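Model, not experiment: these values are computed from the prediction.
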Amino acid sequence: MTTPSGTISLSQVNAELGNPPGDTINMGSTPVRNLASVPSGAIAMSDLQNKSSVGFVTATGGTVTTSGDYKIHTFTSSGTFAVSDAGSGDPESAVVSYMVVAGGGGARADGAGGGGGGGFREGSPPSDPYSGSPLAATSSLPVSAQDYPITVGAGGAAGSPSAGNNNGANSVFSSITSAGGGFGRAIDPGPNANGGPGGSGGGARAQQPGMVGGDGNTPPVSPPQGNDGGDSGPTAQSPSTKGAGGGGAGSAGGNQGQGGGSGVSSSITASPVGRSGGGGGGGNQGKSGAPGGGSGAGNGSPAGSNGNNGSANTGGGGGAGGDSAPTGGAGGSGIVVIRYKFQ
């Protein structure tokens, strides 16, 4: 609510302050001075025209940009979201929209599966006009005047054909935790060549028959933060056969010989950006999440070539290295974005 921009009465001032209509107004009181934005001296009725008692969130931390009436705090590394004022007078004033993306899973080489995309979680109130992803919850996150530690998860490290099952690391803001992407599997001692579980699961190795991709949305949340990695085929294949794709936030990883799962696109930063795509298995592509390009995922590489890394601050899974390659690709690091109305 806002006072009139023209002639104004004391009863309208009382209404804006939340007082009963007949209350006596002390023009020098703190509530009246705050409403008028006159910290000292005489207050005229004209000082109270077109004023609102609604307070908005005031905070620091990360890289701060604005889009219309909204401030956007972007954390590309761990830090602190420090709220000095949580706002008052409006149900939407003490809440924030958020996007929390974990680090993508790392991949290995030699017919390996691609790394899974980092867990993707997003939420906003219906009143926020930005275009959220298909995974966005229609709920905001309440905040109070305090410091909120922000954790931005690193991508999982790249691995060799025989070692390096490296999930991405979790990203955290308040009660929201996104799980790191699952690792893309190569051969280990024994028959296990399943992909690793995580926000999205890693892809299975091509050479081992009947292997399955890692479970996505692990641990489970709603809406889901990701999808399963792709499976191997029913029969044994040579190491040069293309591995399965890692899962992405938008779809499951492709099975043996197919690409990584798609990421999702969000405009929480005021422009559409794709994130949390699944890495390609050995020789395969990381799959796009329109309109976000490759959604940060690394492509799998042909024989003899190392896998490609996921892009920084996208949560994209690492691409697997080809047959006889020394290593796969690392997962991309995560990101945390917080958005709220400030005027």
Any salt bridge (charged side-chain N to carboxylate O under 4.0 Å, His left out) pairs touching residues 311-321, not counting sequence neighbours?
none

What residue pairs, at least two apart or across chains, pass salt bridge (charged side-chain N to carboxylate O under 4.0 Å, His left out) with a residue in residues 170-185?
Arg185-Asp188

Test side chain to side chain donor-acceptor pair (under 3.5 Å) on Arg108 and Asn165; report intermediate values, then the result.
CA-CA 8 Å; Arg108 289 162 65 178; Asn165 293 334; 2.4 Å; yes

Can you tell me how far the [atom1] atom of [X] sits from the [atom2] atom of [Y], to the nearest 0.5 Å?
X      : Y      : atom1 : atom2 : value
Asp231 : Gln258 : CG    : CD    : 10.0 Å
Lys242 : Asn255 : NZ    : CG    : 14.5 Å
Asn299 : Asn284 : CG    : CG    : 9.0 Å
Arg339 : Tyr98  : CZ    : OH    : 14.5 Å
Asn217 : Asp228 : CG    : CG    : 9.0 Å
Ser200 : Asp215 : OG    : CG    : 11.0 Å

Could you tell me whether the side chains of Ser251 and Ser262 share a donor-acceptor contact shorter than 3.5 Å?
yes

Taking the side chain as every heavy atom from C-beta outward, state whether [X] and [Y] have any atom pair closer than 4.5 Å.
X      : Y      : answer
Val13  : Ile8   : yes
Met27  : Met45  : yes
Val32  : Leu48  : yes
Thr74  : Asn313 : no
Pro234 : Pro209 : no
Pro125 : Ser97  : yes
Ser232 : Gln256 : yes
Leu135 : Gln225 : no

Given the rule that I, L, V, M, F, W and Y join up when any side-chain heavy atoms are under 4.5 Å apart, are [X] and [Y] in one cluster?
X      : Y      : result
Val143 : Val100 : yes
Val221 : Ile335 : no
Ile176 : Val96  : yes
Ile338 : Val152 : yes

Using every non-hydrogen atom in the two residues, find where [X] and [Y] come nearest and quote the distance to one decimal.
X      : Y      : result
Ser305 : Ala325 : O-CB, 3.1 Å
Gly123 : Tyr130 : O-OH, 4.0 Å
Ala158 : Gly328 : CB-O, 3.1 Å
Ala320 : Gly281 : CB-C, 3.7 Å
Ala186 : Pro161 : CB-O, 3.3 Å
Ala297 : Gly286 : CB-CA, 4.2 Å

Applying side chain to side chain contact (heavy atoms under 4.5 Å, CB included) to Ser301 and Asn306, what does each step give before you reach the verdict?
CA-CA 6 Å; Ser301 297; Asn306 294 335; 5.7 Å; no

Keeping the roles fixed (side chain from [X], backbone from [Y]), state whether a donor-acceptor pair exists under 3.5 Å.
X      : Y      : result
Asn167 : Phe183 : yes
Thr314 : Arg275 : no
Glu122 : Ser133 : yes
Arg33  : Val38  : yes
Asn194 : Met211 : no

Check side chain to side chain contact (heavy atoms under 4.5 Å, CB included) between Pro134 and all other residues, then give those that pass, not counting sequence neighbours.
Val264

Listing, residues 55-73 side-chain donor-acceptor contacts under 3.5 Å, not counting sequence neighbours, or none:
from  : atom 1 : to     : atom 2 : distance (Å)
Asp69 : OD1    : Gln343 : NE2    : 3.0
His73 : ND1    : Gly61  : O      : 2.8
His73 : NE2    : Tyr340 : OH     : 2.7

Using the rule given for side chain to side chain contact (heavy atoms under 4.5 Å, CB included), can you reason through Ser171 versus Val101, listing the C-alpha separation, both sets of side-chain angles and the distance that settles it, and then say yes or no?
CA-CA 6 Å; Ser171 290; Val101 178; 5.7 Å; no

Given Met99, which of Val273, Val337, Val336 fulfils the side chain to side chain contact (heavy atoms under 4.5 Å, CB included) condition?
Val337

Would Ile25 and Asn14 count as a side chain to side chain contact (heavy atoms under 4.5 Å, CB included) here? Give the steps.
CA-CA 8 Å; Ile25 292 181; Asn14 263 334; 3.4 Å; yes

Would you please name every residue forming a ring-ring contact (aromatic ring centres under 6.0 Å, His included) with Tyr148, sequence neighbours left out?
Phe173

Checking side chain to side chain contact (heavy atoms under 4.5 Å, CB included) for the pair Asn50/Thr2: CA distance, chi angles, key distance, verdict?
CA-CA 6 Å; Asn50 198 31; Thr2 303; 3.5 Å; yes

Taking only residues two or more places apart in sequence, or in another chain, which ones meet Ser311 in a side chain to side chain donor-acceptor pair (under 3.5 Å)?
none

For the pair Lys341 and Asp128, evaluate salt bridge (charged side-chain N to carboxylate O under 4.0 Å, His left out) and give the outcome as yes or no after the intermediate values.
CA-CA 8 Å; Lys341 194 169 185 179; Asp128 193 332; over 6 Å; no

